[in-house]
2 protein chains.
Amino acid sequence: MPSRTPSAPRAGRPRSAAADAAILEATRAALVELGWSKLTLGDVASRAGVAKTTLYRRWAGKNELVVDAVAVLFDELELPDRGSLAADIEGVVLQFAALLDRPEAKTALMAVVAESTRDEPLRERIRTSIVERQKRLVLEGRSRAQARGELPLEQDPAAAARTADLIFDVVAGAVVHRTLVSAEPVDEEWATRFTRLLIGGLAGD
Amino acid sequence: MPSRTPSAPRAGRPRSAAADAAILEATRAALVELGWSKLTLGDVASRAGVAKTTLYRRWAGKNELVVDAVAVLFDELELPDRGSLAADIEGVVLQFAALLDRPEAKTALMAVVAESTRDEPLRERIRTSIVERQKRLVLEGRSRAQARGELPLEQDPAAAARTADLIFDVVAGAVVHRTLVSAEPVDEEWATRFTRLLIGGLAGD
DNA sequence: CAGTTACGCTACGACTCGTATCGAAATCCG
DNA sequence: CGGATTTCGATACGAGTCGTAGCGTAACTG
């Protein structure tokens, strides 16, 4: 979102919410067609039917714009209760994989992560608007599994948080790596094998 | 490497190998200072003491150049025998993490992966010159563990290959995600926790 | 109404891109 | 040695993008 909080009603002409939506939509479309490196802000502006100046008034640059344009896609993820820990993991893996199949998502996500390695504020923006919000899925899945008796209750809340972070990195990292680096499909068969590995480990089974 | 195979000794002045080395070194240095998006080929050329024309004669563009500049870094990875499967995994995780701590490695790797989502030849170049070469670590670790009796011998070679790919995606993906997305350190404590999860699974322990 | 802010539009200098051209340097072959 | 061949450094070029500035108009507040 643009930086200004809309909670302070100030004088003057308000910013057009429709322009915001059109710009973010145009950004996603341009990402699909052009990819990251060839995406220009001038092109986005003309696609959105908006002056280039308007774009620069609201976003500092390409990075910030793309983060906002893609962040909303990740809010679609859900974790319906499928009755078992394994089924829940498979479900979220397949959902995440479907999201990463969308060209605008995979292109934008990797590009902004790459830029964030040299840009601390950008990394923080990514963390708060994308990554941190999805850890809810891990927490929800674990609490369900504990309620079913599939996982033990953890006493130390700090240790529990570290474990949740670990699992999040393993699940998200594996799916991203499989999709973008290995460039192999995350289908049901892979999800099943991954889930079995995650639950039972190398030694298990 | 530049596309021409040096095995065909042809007439004329040969390409300077020193220029190659200087360009790749300059590329890594520029990546550290400028990051991906602000890296320009003209800047690389002047750092390397080389004409911009020379650069374009050998590489098609920024993507290909950066892949070559970074690929060599990944060949440093080794897998010394630490006596147990768990110790071997911890060792390779920490080595990979140390590699990703180098700014030129993390910046370049993510950037070229992002570009490769819209560029099939580039993805293939990444696969052959970086990814596929490192799967040797997984294969070696598994064969050692099997020799120690820590892992069962697999009969079906196709299934064994799929398992190796899965483990590779899980290990590499988790380390990359932890380092670049979560932006948390991969230290010994995390490596230990990850290894225990990988071997024993969620249910284990 | 006056005051304030966002808007579309145009224009600008600075920079980068990738290519073309040129004469000089380095190597192979006869 | 001398001619052919290829790369080299240097320079210049049109095209495209960047981010900003200026201007008159539109929308909203009090």
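Bear in mind the structure is a predicted one, so any value in this text is a computation, not a measurement. We name chains A, B, ... by the order of the sequence lines, and we start the count at 1 in each one.
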Asker: From CH2 of A:Trp59 over to P of D:dT20, roughly how many Å is that when rounded to an integer?
Answerer: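 Those two atoms, CH2 and P, are 16 Å apart.
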Asker: Pull out every residue in residues 110-117 of chain A that has a heavy atom closer than 4.0 Å to any atom of DNA chain C, ordered by number, or say none.
Answerer: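 DNA chain C contact set from residues 110-117 of chain A: none.
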Asker: Working note: A:Val175 + A:Trp190, criterion side chain to side chain contact (heavy atoms under 4.5 Å, CB included); need CA distance, chi angles, decisive distance, verdict.
Answerer: CA-CA 10 Å; A:Val175 174; A:Trp190 188 88; 4.2 Å; yes
Asker: Identify whether the distance between the nearest side-chain nitrogen and carboxylate oxygen of A:Asp165 and B:Arg193 falls below 4.0 Å.
Answerer: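 Judged by the 4.0 Å cut-off on N to carboxylate O distance, A:Asp165 and B:Arg193 do not form a salt bridge.
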Asker: If I take atom CG in residue B:Asn63 and atom C1' in nucleotide C:dC17, what distance separates them, rounded to the nearest angstrom?
Answerer: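 About 14 Å, once rounded to whole Å.
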Asker: Could you walk me through whether B:Leu109 and B:Leu100 pass the side chain to side chain contact (heavy atoms under 4.5 Å, CB included) test, one step at a time?
Answerer: CA-CA 9 Å; B:Leu109 186 63; B:Leu100 282 185; 4.1 Å; yes
Asker: So among A:Arg47, A:Lys38, A:Arg28, which one has a salt bridge (charged side-chain N to carboxylate O under 4.0 Å, His left out) with A:Glu33?
Answerer: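 Single salt bridge (charged side-chain N to carboxylate O under 4.0 Å, His left out) partner of A:Glu33 among A:Arg47, A:Lys38, A:Arg28: A:Arg47.
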Asker: Using only heavy-atom distances, determine whether the side chains of B:Ser37 and A:Glu115 contain a donor-acceptor pair under 3.5 Å.
Answerer: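 Side-chain D/A pair, B:Ser37 to A:Glu115: present.
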Asker: Over 60° means perpendicular and under 30° means parallel, so classify the ring planes of B:Phe74 and B:Phe96, tilted if in between.
Answerer: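 Geometry flag for B:Phe74 against B:Phe96: tilted rings.
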Asker: Using only atom types and a distance under 3.5 Å, with no angle test, would you say the side chain of A:Arg133 pairs donor to acceptor with the backbone of A:Ser129?
Answerer: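 Such a contact is found between A:Arg133 side chain and A:Ser129 backbone.
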Asker: Restricting to nitrogen or oxygen on both sides, can you table the protein-nucleotides 13-18 of chain D pairs closer than 3.5 Å?
Answerer:
none

Asker: Whether the side chain of B:Thr179 engages the backbone of B:Val176 through a donor-acceptor N/O pair (distance < 3.5 Å, no angle test) should be reported.
Answerer: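 It does not hold such a pair.
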Asker: Does the protein touch nucleotides 20-26 of chain C at the base, only the backbone, or not at all? Give it as B, S and - per nucleotide, heavy atoms under 4.0 Å.
Answerer: B----BB
Asker: Hey, is the main chain of A:Val113 close enough, under 3.5 Å, to the side chain of A:Arg123 for a donor-acceptor pair?
Answerer: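 No.
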Asker: How close or far is atom C1' of D:dA10 from atom CG of B:Leu55, stated in whole angstroms?
Answerer: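 About 15 Å, once rounded to whole Å.
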Asker: Evaluate the side chain to side chain contact (heavy atoms under 4.5 Å, CB included) criterion for residues B:Asp88 and B:Val92: first the C-alpha distance (whole Å), next the side-chain angles of each, then the deciding distance (0.1 Å), finally the verdict.
Answerer: CA-CA 6 Å; B:Asp88 281 357; B:Val92 74; over 6 Å; no
